[in-house]
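Notes follow the structure.
Small disclaimer: the values here were computed from a predicted structure and weren't measured.
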Amino acid sequence: MQAMFKRWWAYQQERFPIIKNGLLIAIFSVSAVCYSVLLRERVVDPLLVQRSRPLWELEGFSLWQTIGSALIAFLVVFLFFLQLRIADEFKDYEDDFRYRPYRPVPRGLITLKELGRLAIAAAAIQLGLTIAIDPRLVLLLLLVWGYMGLMTTEFFAPSWLKANPPIYLVSHMVIMPLITLYATACDWINGSWFAPAGVTWLMVVSFFGGMVIEIGRKMRAPKDEEKGVETYTALWGRQKAVMVWLGMLWLLTLSTLVAAMHIRFTIPVILLLLPLLTVAVLVAWRFMMRPTTQSATWIEWVSGVWSLGVYLSLGLLPLILRH
């Protein structure tokens, strides 16, 4: 038992750090639920004139129900991302053996069979939690699982996708809006079959936020590039990769502002994003001028901080500061 625990602990440290990923996923999922609550609040009180009323006195709002929805959203979404990591282990199996033998699966630390069992166990937990909220939510769960399955098979066109990196990136990033839709539904499905107006913009935010993180984590200094490892600096060149990353940040900024307009929290979001944009430009410039391991790491860190800032400013913070 102790040996098994050590194996799985080593695996999570290398491939799916629980604390690091858990923090970002918690903020993402909780804020998605909070964003839905704020959108529904506008339906109840569209002019927001009753600011003296506590949030929990608004029609259709239940504090404990919201806490429960947020907790379930976090657990299910956390398991979604774990399943995505496991799916990557399966689809990258051959390449990992050829080019990355130091990874846990190729070196025999964990087997694909064990990972498959873990993914199935995670699915059983997700199904139970989803039914606990509302059986109708199973439809969205199946939607996410179905798209995840297509991603695992590379949409039955692995060679073509591999030859077209931008299409590969976009096709795989569609999973983010679907997960966002599920997370918000943990709140709004209790009162409706349909998502409140504005949820679409949070889905757009999650798409561009995912793009920022995905591109940012695959930027490498020239000395850190590995044969067989497809980073965006290797595929596109350093200058183009940086420009695409900054472009995704701008699109993330614009979509975040539109999403903030739907909950009337635009000014605070602007005040948050302006310094973040400044830092991002400075970090990008540094990486362009001095492409070192450290400057590449800063790109990845800024990508994560951006996501934390965006989701906090669209969900948890405006809900807390509502009154």
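- Aromatic ring pairs are classed by plane angle as parallel below 30°, tilted from 30° to 60° and perpendicular above 60°; the pair Trp236 and Tyr232 is tilted.
- In this structure, Leu274 and Ile270 have side chains that are in contact, with non-hydrogen atoms separated by less than 4.5 Å.
- Residues Leu112 and Phe90 share a closest heavy-atom pair of O-CZ, 3.2 Å.
- Taking the ring centroids of Phe78 and Phe28, they lie at or beyond the 6.0 Å cut-off.
- Distance CE/Met243 to NZ/Lys240: 12.0 Å, rounded to 0.5 Å.
- Taken to the nearest 0.5 Å, the CG atom of Leu75 stands 10.0 Å off from the CD atom of Gln126.
- Taken to the nearest 0.5 Å, the CZ atom of Phe155 stands 7.0 Å off from the CG atom of Leu161.
- Remark: Ile18 CD1 to Gln13 CD distance equals 9.5 Å, nearest 0.5 Å.
- Side-chain contact between Leu246 and Trp285 is absent, with no heavy atoms from C-beta onward closer than 4.5 Å.
- What you find for Ala183 and Val33 is that their closest heavy atoms are O-CG2, 3.5 Å.
- Distance CG/Leu252 to CG/Leu277: 9.0 Å, rounded to 0.5 Å.
- Judged by distance alone, the side chains of Tyr11 and Glu89 do bring a donor and an acceptor atom under 3.5 Å apart.
- When all heavy atoms of Ala32 and Thr184 are compared, the pair lying nearest together is O-CG2, 3.5 Å.
- No donor-acceptor contact under 3.5 angstrom links the side chains of Thr297 and Trp301, judged on distance only.
- Formation of a donor-acceptor pair under 3.5 Å by the Ser31 side chain with backbone atoms of Leu314 is not found in this model.
- Under the 30°/60° scheme for interplanar angles, the aromatic rings of Trp201 and His262 are found to be tilted.
- Screening Arg103, Arg107, Arg100, Arg85 for a salt bridge (Lys or Arg N to Asp or Glu O under 4.0 Å) involving Glu14 leaves a single residue, Arg107.
- Taking CH2 from Trp298 and CZ from Arg286, the interatomic distance works out to 9.0 Å, rounded to the nearest 0.5 Å.
- Neither side chain, Asp187 nor Ser69, offers a donor N or O lying under 3.5 Å from an acceptor on the other.
- Other residues, nucleotides and ligands contribute at most 12 non-hydrogen atoms within 6.0 Å of the CD1 atom of Ile19.
- Environment of NZ in Lys91: crowded, with over 12 heavy atoms of neighbouring residues, nucleotides or ligands closer than 6.0 Å.
- Remark: Phe194 CZ is loosely packed, at most 12 non-hydrogen atoms of other residues, nucleotides or ligands lying under 6.0 Å away.
- Counting all heavy atoms, side chain and backbone alike, Glu300 lies closest to Lys20 at OE2-NZ, 3.9 Å.
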